[in-house]
Amino acid sequence: MAGAAALAGLVRGFSGFGGAMVFMPIASLLYEPKLAAILLFIADDIAALAMLPAAVRRCIWREVLLLGIAAVIAVPFGVALLVVADADVMRWVICLVILLAVVLMALGWRYTGRLGLPATLGTGMLAGLSGGAAALPGPPVVLLWLGGQGNAATVRANLIVFFGFTATASGIAYWWSGLFTQTSLLMSLPLIPAYLLPLSLGSRLFARSSEQQFRRVALALCAFAALSGLPLWRLL
């Protein structure tokens, strides 16, 4: 668990996202998923506080707030869609769309001009839908900002603030559901330093990286999330 937390913190510190993509598959092998989610939530939220001040000053608030609000509104619809639709079909569609976007951006596609309101709200809704239906809220937002003209520092700041916004909503839902127990709080304590120190190292690595290196890592994480989410692995 400490090793998973350390690797997740390193990835999160460098890219501004992706901690759950690393931590959850490993932690879910050792504990039930809801406990693993709480452990990550506590460790990540406390550790990520160190990144928020700089990100708050650098992010584009108009985009972050609109995306966050749209995503939170759309999550219940994604869950409802999961209930009425075939889960495997939903995951195939969402994961393949994400992979197509990754391929296009890896080939150099980027949109020009200012990000419009329809694109911002639409991507936020898509993030909420994919989060509720397939537990993949991050890639649509990441790909939106990677496809624009913003530099790596701005994209990373947007992501940190956006996921801080959605984490607040998740924390309220966890508390309302009674998932914060004495056991989960005590189990999370050793993971906080294991997560925090590599997160600091990841932030330092980002400061020394190039725009191209950041884009490659971010696209690779999105591709990893989409590939690992394919129902193909369960069938095999």
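Numbers for residues simply follow the sequence, beginning at 1. Both backbone and side-chain heavy atoms feed into the values below; hydrogens, waters and symmetry mates do not.
With rounding to the nearest 0.5 Å, the separation of CG in Leu40 from CG in Leu35 is 11.5 Å. Note: Leu219 CG to Phe214 CZ = 9.5 Å, rounded to the nearest 0.5 Å. To the nearest 0.5 Å, atom CG of residue Leu52 and atom CZ of residue Arg57 are 11.0 Å apart. Atom-to-atom distance recorded for Leu67:CG and Arg62:CZ is 9.5 Å, nearest 0.5 angstrom. Interatomic distance, SG of Cys222 versus CG of Leu99, reported as 10.0 Å (0.5 Å rounding). Rounding to the nearest 0.5 Å places OH of Tyr31 at 14.5 Å from CD1 of Ile38.
In this structure, the side chains of Arg216 and Gln212 come closer than 4.5 Å at one or more pairs of heavy atoms. When side chains are defined from C-beta on, Arg58 does not count as touching Ile160, because their heavy atoms never get closer than 4.5 Å. Leu66 has its side chain within reach of Leu117: a pair of non-hydrogen atoms, C-beta onward, lies under 4.5 Å apart.
Taking every heavy atom of both residues into account, Val161 and Cys59 meet most closely at CG2-SG, 3.9 Å. When all heavy atoms of Ala43 and Ile192 are compared, the closest pair comes out as CA-CG1, 4.1 Å. Between Val141 and Ala127, the shortest heavy-atom distance links the atoms CG2-CB, 3.7 Å. Among all heavy-atom pairs drawn from Met51 and Ser203, the shortest one is SD-OG, 3.8 Å. Residues Leu121 and Ala70 share a closest heavy-atom pair of O-CB, 3.7 Å. Nearest heavy-atom pair, Ser184 versus Leu39, reported as atom, atom and distance to 0.1 Å: O-CD2, 3.5 Å.
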*Stepwise, does the ring pair (Phe, Tyr, Trp, His ring centres under 6.0 Å) test hold for Tyr195 with Phe23?*
CA-CA 10 Å; Tyr195 195 93; Phe23 184 83; 7.5 Å; no
*Passes side chain to side chain contact (heavy atoms under 4.5 Å, CB included), Leu199 versus Leu10? Steps please.*
CA-CA 5 Å; Leu199 182 138; Leu10 182 67; over 6 Å; no
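No continuous path of ILVMFWY side-chain contacts below 4.5 Å connects Leu196 to Met1, so the two sit in separate hydrophobic clusters. Val102 and Leu221 fall within a single hydrophobic cluster, where Ile, Leu, Val, Met, Phe, Trp and Tyr side chains are chained together by heavy-atom contacts under 4.5 Å. Grouping the Ile, Leu, Val, Met, Phe, Trp and Tyr side chains by contacts below 4.5 angstrom, directly or via other members, places Met125 apart from Val72. Both Leu7 and Leu201 belong to a single network of hydrophobic side chains, linked directly or stepwise wherever heavy atoms of I, L, V, M, F, W or Y lie under 4.5 Å apart.
Remark: aromatic rings of Phe162 and Phe17 are distant, center separation not under 6.0 Å.
Remark: side-chain polar atoms of Asn158 are paired, donor with acceptor, to backbone N or O of Ile60 under 3.5 angstrom. Under the 3.5 Å distance criterion, the side-chain polar atoms of Ser200 are left unmatched by any main-chain donor or acceptor of Leu197. A donor-acceptor contact shorter than 3.5 Å links the side chain of Trp61 to the backbone of Val56.
Among pairs with a residue in residues 11-23, those fulfilling side chain to side chain donor-acceptor pair (under 3.5 Å) read Arg12-Asp44, at least two apart in sequence or across chains.
Aromatic ring orientation, Phe206 versus Phe14: perpendicular (interplanar angle above 60°, classes split at 30° and 60°).
In this view, Arg208 satisfies the side-chain contact (heavy atoms from CB on, under 4.5 Å) rule with no residue, not counting sequence neighbours.
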